[in-house]
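Let me begin by presenting the structure, written as structure tokens, before commenting on it.
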Amino acid sequence: MVNVKVFVGNLPLSYTDKEFKQLFSSLKPVTASLVMNEKTHRPKEFGFVTFSSKEAADKAISQMNGKEVYGRKITLKEYIVKEEPGRRS
């Protein structure tokens, strides 16, 4: 089984990790977390949600992309790790 990570952008700065997890709870993600600013310890405007399959990730993207959260339309897209040149896994 391959986990698929989804980038979630354009989140409100006031959004909490708890709210973020609740937003995706009905889609049953493996993990969901906001990215925090190391200096201010406040959330940045994006986070990541990991799903157990490509199908689950695609369903989340189709259902949630463009959804309005506190007046902002969030964006979702599959997160693909780009391999650095000359680096092998």
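Along the sequence shown, residues carry numbers from 1.
- For the side-chain contact (heavy atoms from CB on, under 4.5 Å) test, residues two or more places apart in sequence or in another chain that qualify with E19 are Y15, T16, Y70.
- Hydrophobic clustering, with ILVMFWY side chains joined whenever heavy atoms are under 4.5 angstrom apart, keeps F48 apart from F20.
- To the nearest 0.5 Å, atom CZ of residue F51 and atom CD of residue E78 are 11.0 Å apart.
- Under a hydrophobic-cluster definition in which Ile, Leu, Val, Met, Phe, Trp and Tyr are linked whenever side-chain heavy atoms come within less than 4.5 Å, directly or via other members, V6 and L23 are assigned to the same cluster.
- Here the shortest heavy-atom pairing between R72 and L13 reads NH1-N, 4.1 Å.
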Worksheet item: Taking it one step at a time, do S52 and N3 satisfy side chain to side chain contact (heavy atoms under 4.5 Å, CB included)?
Response: CA-CA 5 Å; S52 61; N3 285 345; 4.2 Å; yes
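- Taken together through direct or relayed side-chain contacts under 4.5 Å among Ile, Leu, Val, Met, Phe, Trp and Tyr, L27 and L76 form part of one hydrophobic cluster.
- Nearest heavy-atom pair, S62 versus K59, reported as atom, atom and distance to 0.1 Å: OG-O, 3.0 Å.
- There is a path of hydrophobic side-chain contacts, each under 4.5 Å, that joins V69 to V49.
- Residue pairs meeting the side-chain hydrogen bond (donor to acceptor under 3.5 Å, both in side chains) criterion with at least one member in residues 25-44, sequence neighbours excluded, are T31-T50.
- By the rule that hydrophobic residues join a cluster once side-chain heavy atoms approach within less than 4.5 Å of another member, M64 and L11 end up as members of one cluster.
- Taking both residues in full, the closest heavy atoms of A57 and V4 are given as CB-CG1, 3.6 Å, listed atom of the first, atom of the second, then distance.
- Considering CD1 of I61 and NZ of K54, their distance stands at 6.5 Å, rounded to 0.5 Å.
- A distance of 10.5 Å separates CD of E68 from CD1 of I74, quoted to the nearest 0.5 Å.
- Atom CG in D17 sits 10.5 Å away from atom CD in Q22 (nearest 0.5 Å).
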